[in-house]
Q: 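Sharing a structure with you now.
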Amino acid sequence: DEEIIEFEVNPDRAYGLSLRGIARDVLVSVEGAANFRDPALRVTPAANDAGHPVVLEDTTGCPVFVARTVTGFDPTAPTPQYIADRVAAAGMRPISLAVDVTNYVMLETGRPIHGYDADKLRGPIVVRRALSGEHLRTLDGTDRTLSEEDLVVCDDSGIIGLGGVMGGETTEMGASTTSILVESAHWDAVSMFRTGKRHKISSEAGKRNERGVDPTICEAAADRVVELLVEHGGATADPGVTVVGAPPAMPTIRVSGSKAAEVSGMDIAEDVAVEALRAVGCEVAGTGTLSVIPPPWRPDLTDPQDTTEEVIRLVGYDKVPSVLPIPPAGRGLTRVQELRRRFSRVAAAEGFTEVITFPFVGEADFDAQLIGA
């Protein structure tokens, strides 16, 4: 009997494709973010050398890769009804506990997760660009010819997944899967967008990865998946924890503290602008000229115009006054303008009529209007 609210999320607001992001924005609009309890802030086990080995050959395309393993998983364990209902309400088909849990955590945190049948893996996982002529049969049963721009996940058997977009058939979790390797990796948004368009793949994971996802919550999302697999699937969490790479740093944006007031025409004091930016998760320092570091879940904030828009949005678009801008003082007509007007007056006084010539109009149309008769 739960009510379902459907959101139309703008393409640059990837954080809105998660309950975590929506909850933060709702709380900010109601009372500020001071009381927001971030579900991604959880204590996770430290990385160690006992986890599945991972090698990142392309750290630009995949700067962070987290791998966790569970064993003793019961593949016949049913998906709890609340998880199945919420996955279905979000437009996805419940499939099995292992798959449904990864989708559920993606809806919670915004972080796409992929699961492999760990018993089917051969050797270390390697992330690289595809080579010319390589192929992959993806989970949808399609044999795909890969581009050298595609990011792929491999093991000793070959390519096992199209990184950040869709996994491969050879390591698919199925009815006999008892050991699961959980992948929580951050992928370059531009590469994800191009790969999705190139192969005409539109997946829930790709939809988020191509818009930009928080790179700092890979460990937390993987840990949440492991927690649910242990709780509902009877699995045991392997002590090995693999964390390779580090999240890329967010840019520092320098913007005037009065920029929002100048753009909107509202009386927005600098301290109000600072409070608004901190409410959406930005780190703000300085006075007069502010140094703003966007939160890792907001890759859409890249320049002063973006931060100004956030301030005005939180203050309220409905409060922006309807005030016409004051035009700058002019210098009169230019020499060319004066000559054109003088010529038009002389021609009109001599009996000429100025007409507008329309292209793509035939002579029959002019005859019908008695033009030129």
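Since the structure is predicted, the reported quantities are computational estimates derived from the model, not experimental observations. The figures here come from the full heavy-atom set of this structure, side chains too, leaving out hydrogens, waters and symmetry mates.
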Q: So how far is it from Glu169 CD to Asp140 CG, rounded to the nearest 0.5 Å?
A: 8.0 Å
Q: Within a radius of less than 6.0 Å around OH of Tyr317, do more than 12 heavy atoms belonging to other residues, nucleotides or ligands occur?
A: yes
Q: Ignoring hydrogens and geometry, is there a side-chain-to-backbone donor-acceptor pair from Arg137 to Gly141 under 3.5 Å?
A: yes
Q: For Ile312 and Ala260, which heavy atoms make the closest approach, and how far apart are they?
A: CD1-O, 4.0 Å
Q: Between Ile159 and Arg128, is any pair of side-chain heavy atoms under 4.5 Å apart?
A: yes
Q: Does atom CG (Asp143) have a neighbourhood of more than 12 heavy atoms from anything else shown, all under 6.0 Å?
A: yes
Q: Applying salt bridge (charged side-chain N to carboxylate O under 4.0 Å, His left out) as the test, list every pair that has at least one member in residues 70-93; sequence neighbours left out.
A: Glu2-Arg86
Q: Is a salt bridge present between Glu227 and Arg224, judged by a nitrogen-to-oxygen distance below 4.0 Å?
A: yes
Q: Show your reasoning for whether side-chain contact (heavy atoms from CB on, under 4.5 Å) applies to Leu107 and Met92.
A: CA-CA 11 Å; Leu107 295 174; Met92 290 177 281; 3.7 Å; yes
Q: Would one find more than 12 heavy atoms of other residues, nucleotides or ligands at under 6.0 Å from atom CD of Glu354?
A: no
Q: Pick from Ile180, Asp119, Thr236: which one makes a side chain to side chain contact (heavy atoms under 4.5 Å, CB included) with Thr71?
A: Thr236
Q: Are the side chain of Thr142 and the backbone of Thr138 linked by a donor-acceptor contact shorter than 3.5 Å?
A: no
Q: When Ile, Leu, Val, Met, Phe, Trp and Tyr are grouped by side-chain heavy atoms lying under 4.5 Å apart, directly or through other members, which residues fall in the same group as Trp297?
A: Tyr15
Q: Drop me the distance from Leu301's CG to Cys282's SG, to the nearest 0.5 angstrom.
A: 5.5 Å
Q: Once rounded to the nearest 0.5 Å, what's the spacing between atom CZ of Arg37 and atom CG of Leu27?
A: 9.5 Å
Q: Could you check Glu275 against Arg278 for salt bridge (charged side-chain N to carboxylate O under 4.0 Å, His left out), going step by step and ending with a plain yes or no?
A: CA-CA 5 Å; Glu275 182 181 356; Arg278 287 176 176 163; over 6 Å; no
Q: Please report the interatomic distance CG(Asn10) to CG(Asp300), rounded to the nearest 0.5 Å.
A: 9.5 Å
Q: So that I can tick it off, tell me whether Glu310 and Arg298 are bridged by a salt bridge, with the cut-off set at under 4.0 angstrom between side-chain N and carboxylate O.
A: yes
Q: Would Thr69 and Asp238 count as a side chain to side chain donor-acceptor pair (under 3.5 Å) if you check the C-alpha gap in whole Å, the side-chain angles of each, and the deciding distance to 0.1 Å?
A: CA-CA 5 Å; Thr69 303; Asp238 192 278; 5.5 Å; no
Q: Considering the options His199, His135, Arg198, Arg129, which one meets the side chain to side chain contact (heavy atoms under 4.5 Å, CB included) requirement together with Leu146?
A: His199
Q: Is the number of heavy atoms from other residues, nucleotides or ligands within 6.0 Å of CG (Leu41) greater than 12?
A: yes
Q: Run the numbers on Arg68 and Thr242 for side-chain contact (heavy atoms from CB on, under 4.5 Å), then give the verdict.
A: CA-CA 7 Å; Arg68 298 282 303 276; Thr242 302; over 6 Å; no
Q: Do side-chain atoms of Glu134 reach the backbone of Leu131 as a donor and acceptor pair under 3.5 angstrom?
A: yes
Q: Provide the closest heavy-atom pair for Pro248 versus Pro63 in the form atom of the first, atom of the second, distance.
A: CD-CG, 3.9 Å
Q: How far does OG1 of Thr171 sit from CD1 of Ile125, to the nearest 0.5 angstrom?
A: 8.5 Å
Q: Scan side-chain atoms only and decide if His186 and Arg111 contain a donor-acceptor pair under the 3.5 Å cut-off.
A: yes
Q: As an exercise, state the distance from OG1 of Thr102 to CG of Asp100, rounded to the nearest 0.5 Å.
A: 7.5 Å
Q: Between Tyr104 and Tyr82, does the ring centre distance come in under 6.0 Å?
A: yes
Q: Taking all non-hydrogen atoms of both residues, which atom of Ala235 and which atom of Val70 are closest, and how far apart?
A: CB-CB, 3.9 Å
Q: Salt bridge (charged side-chain N to carboxylate O under 4.0 Å, His left out), that's the test. Do Glu204 and Arg208 meet it? Break it down for me.
A: CA-CA 7 Å; Glu204 292 292 334; Arg208 288 160 175 80; 2.9 Å; yes
Q: Is the closest side-chain donor-acceptor distance between Arg254 and Thr289 under 3.5 Å?
A: no
Q: Pairing donors with acceptors under 3.5 angstrom, does anything connect the side chains of Asp117 and Thr177?
A: yes
Q: By side-chain contact (heavy atoms from CB on, under 4.5 Å), which residues pair with Ser157, not counting sequence neighbours?
A: Arg122, Asp155, Ile160
Q: Where is the tightest heavy-atom contact between Val230 and Ala237, given as atom of each residue plus distance?
A: CG2-N, 3.9 Å
Q: Go through the side-chain N and O atoms of Arg20 and Thr109 and say whether any donor and acceptor fall under 3.5 Å apart.
A: no
Q: Tell me if a side-chain donor or acceptor on Glu183 pairs with a main-chain N or O of Phe65 at a distance below 3.5 Å.
A: no
Q: Would the number of heavy atoms belonging to other residues, nucleotides or ligands and lying under 6.0 Å from CZ of Arg313 be above 12?
A: yes
Q: Is it true that a side-chain atom of Glu262 and a backbone atom of Lys259 form a donor plus acceptor pair closer than 3.5 Å?
A: no
Q: Is the backbone N or O of Gly164 less than 3.5 Å from a side-chain atom of Asn209, with the two atoms forming a donor-acceptor pair by type?
A: yes
Q: Write down the atom of Val127, the atom of Cys62, and the distance for their closest heavy-atom approach.
A: CG1-CB, 3.8 Å
Q: Tell me whether Ser203 contacts the main-chain N or O of Gly206 through its side chain, where contact means a donor paired with an acceptor under 3.5 Å.
A: yes
Q: Could you tell me which non-hydrogen atom of Val292 sits nearest to which non-hydrogen atom of Pro294, and how far apart they are?
A: O-CD, 3.7 Å
Q: Around atom CZ of Arg42, are there more than 12 heavy atoms of other residues, nucleotides or ligands at under 6.0 Å?
A: yes
Q: Could you walk me through whether Val182 and Leu229 satisfy the side-chain contact (heavy atoms from CB on, under 4.5 Å) test, starting with their C-alpha distance in whole Å, then the side-chain angles of each, then the deciding distance to 0.1 Å, before giving a yes or no?
A: CA-CA 10 Å; Val182 177; Leu229 292 176; 4.3 Å; yes
